[in-house]
Protein chains: 2
Amino acid sequence: MSKVVSYAAPSAKEPLGPYKFERREVGPKDIQIEILFCGVCHSDLHTARNEWQNSVYPVVPGHEIVGRVISVGSEITTFKAGDLAGVGCLVDSCLTCPDCGEGLEQYCDHGVYTYNSPDKHTGKMTYGGYSNQIVVDEHFVLHIPENLDLAAVAPLLCAGITTYSPLRHWKIGKGSKVGIVGLGGLGHMGVKLAHAMGAYVVLFTTSPDKVADATRLGADEVVISKNPDEMHKHLKSFDFILNTVAAAHNLDVFTELLKRDGTMCLNGVPEHAHPSPNIGNLIFKRRQIAGSLIGGIKETQEMLDFCAEHNITSDIEIIAIKDINEAYERMLNGDVKYRFVIDMATLQE
Amino acid sequence: MSKVVSYAAPSAKEPLGPYKFERREVGPKDIQIEILFCGVCHSDLHTARNEWQNSVYPVVPGHEIVGRVISVGSEITTFKAGDLAGVGCLVDSCLTCPDCGEGLEQYCDHGVYTYNSPDKHTGKMTYGGYSNQIVVDEHFVLHIPENLDLAAVAPLLCAGITTYSPLRHWKIGKGSKVGIVGLGGLGHMGVKLAHAMGAYVVLFTTSPDKVADATRLGADEVVISKNPDEMHKHLKSFDFILNTVAAAHNLDVFTELLKRDGTMCLNGVPEHAHPSPNIGNLIFKRRQIAGSLIGGIKETQEMLDFCAEHNITSDIEIIAIKDINEAYERMLNGDVKYRFVIDMATLQE
């Protein structure tokens, strides 16, 4: 057992503050990691505040974890002390079901999330990356490329893979016309990744002040989605639209932009339901509305290697952990370009 | 020009009654068909009563047409007088766009429906199959197998292909577990076709009195969709669900029955929107909600040949055309097993 310092939400109504607990012993297949940086995902806020009605307190959020290996279990050959290592949204799954067999652990019925999930090892809940170290089964530990800025890599573990996985699943590449809806933590990664895959990328936003930034990030075009004339020019032209906006909105203005057999994939579950989509939009061009959840471990490694090759990281703002509650408020106001990352050196014992 | 007798709706509020008009001259690429039987589709009723707000009167409905060739144009080599012939929902398309190039004329932006659609040849609206003859471009005329009951073939031209096309598109076959929602004109064809393709077929219905019939038609299981316990047994188990129910209903109870990467395809546009679907159901198993529209001409011929090989037709009740208004009322009450077909010999000049 090792003593850990962290920041935790003691209840839905209280701010996050210091919290001490113990990580499990390093088992033969475990890797112990000193956490250097942890990205701040909107899911952290949802869980800290029990917005999904499933939080068990205290909640130690954080699933965009990068750091260095402290020690490894007796059976570990793929990592050694001092190696860079990363952990994303998953720390366990059954590893025997068809989903796990295909490297799609994120769809396993027995997946264990990095925080606020029943922990097989301790019988308690899992505690995430707002902490100074973590012990994780090697299957769920990623190799982090040495050539990228480490703090800016952290958000790849959730925002990166959540956009990379659907772009790969729907076979985006050269010749594809791809829409990305929303320029936040997910959307800005979607733009960078789709661009690097060779697609023609159109960013949809409601904010005219995001046009310049979207272009800088790799968008070939930026469309203000509240402008029907601008939208109309793109009718029936997209192979794929990745919709990263979780707030309830009219999906029809996007589905009608898809080509025949095109797919719009949603990344977020809205707190209030979207207006019911127009089924005619689907029927008359055999279009599809789909969802996608993070990505599997093998694909996450592939994504990290892709990012290393294309020199892609997240655009980030580094914060001290004492500022996490203020960062949540700024995130709610859309005041972040495009991801907060906690410098874990600011977490003093 | 040839004089035609028909039944037409003179307005949204009046019953259908006799109506005379002229068909165009038989052009070099045209085929003139004596209509022997015409199926009665719910779309006929929607259009006769202007329920889709796009009807131009008089409306001569009917797009499940079978009959015998009377004469053919000078360039026609594939049909001759006396041959059986069929016409479905489409009588024209551009034949040059990518959709047409792939044999998917139903998705062509310039498709012309068999009735209530602007007619390229006459400048008026197209008039459908509630008539004694029709003149159609050969590209849109189907060969009808001689071994099947002709009246019972008629509904294959819409109800048959509308269910066959998505089953083929989503690669249903031996080893697939397929759900069919609703046992009406479309649903009963979906059961027969999916069964003949080798799938394990589960029919979902709200009516316990349909269980015996569904089993007779080829369903391996019948589930009463209002029974949560019965539904729960099938969680996460379907490769594909074909939802033929156009009335607004809760889609979530079906999407959660899909396996990871499974698709629910909708065939009908509801008059009132379905309750907004739970996007979480899509995200957590990468499921999809799709739509599909009839089928292309090549695929319609393939479907007819498949039906000939597997001895599949629609279950029908033959009516005289004078009873069409009563048939519409019975259709609204679900009082038909499973398709009305008009015997066009009852249409007297």
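For the numbers below, each heavy atom of this structure counts, side chains included, while hydrogens, waters and symmetry mates do not.
At distances below 3.5 Å, at least one donor-acceptor pair connects side-chain atoms of Thr126(A) with backbone N or O atoms of Ser117(A).
Residue Arg260(A) touches chain B through its side chain alone, counting heavy-atom pairs closer than 4.5 Å. With a 4.5 Å cut-off on non-hydrogen atoms, Pro275(A) touches chain B through its backbone but not through its side chain. For Lys259(A), no part sits under 4.5 Å from any heavy atom of chain B, backbone or side chain. Neither the backbone nor the side chain of Asn281(A) comes within less than 4.5 Å of any heavy atom in chain B. Using a 4.5 Å cut-off between heavy atoms, Leu104(A) touches chain B through its side chain atoms alone. Using a 4.5 Å cut-off between heavy atoms, Ser165(B) contacts chain A through its side chain alone, with no backbone atom that close.
For the pair Arg287(B) and Phe238(B), the NZ or CZ position fails the cation-pi test of under 6.0 Å to the six-membered ring centre and within 45 degrees of the ring normal.
Highest contact tally toward chain A, considering only Gly280(B), Ala273(B), Ser292(B), is held by Ser292(B) [criterion: heavy-atom pairs under 4.5 Å]. Ranked by heavy-atom pairs under 4.5 Å with chain B, the list Asp109(A), Val269(A), Leu251(A) is led by Asp109(A). No other option in Thr263(A), Ile289(A), Ile283(A), Leu293(A) has as many heavy-atom pairs under 4.5 Å with chain B as Ile283(A). Options His169(A), Gln106(A), Lys236(A) differ in how many heavy-atom pairs under 4.5 Å they form with chain B, and the most are formed by His169(A).
Applying the side-chain contact (heavy atoms from CB on, under 4.5 Å) test between Thr300(A) and each of Ile161(A), Ile294(A), Leu90(A) identifies Ile161(A) as the sole match. Among Val223(B), Val181(B), Leu257(B), Ile241(B), the one residue that satisfies the side-chain contact (heavy atoms from CB on, under 4.5 Å) test with Val202(B) is Val223(B).
Across Pro118(B) and Val112(B), no two heavy atoms sit closer than the pair O-CG1, 3.5 Å.
Between Asp261(A) and Arg286(A), at least one side-chain N (NZ, or NE/NH1/NH2) sits under 4.0 Å from a carboxylate O, which counts as a salt bridge.
A centroid separation of 6.0 Å or more is found between the aromatic rings of Tyr113(B) and His63(B).
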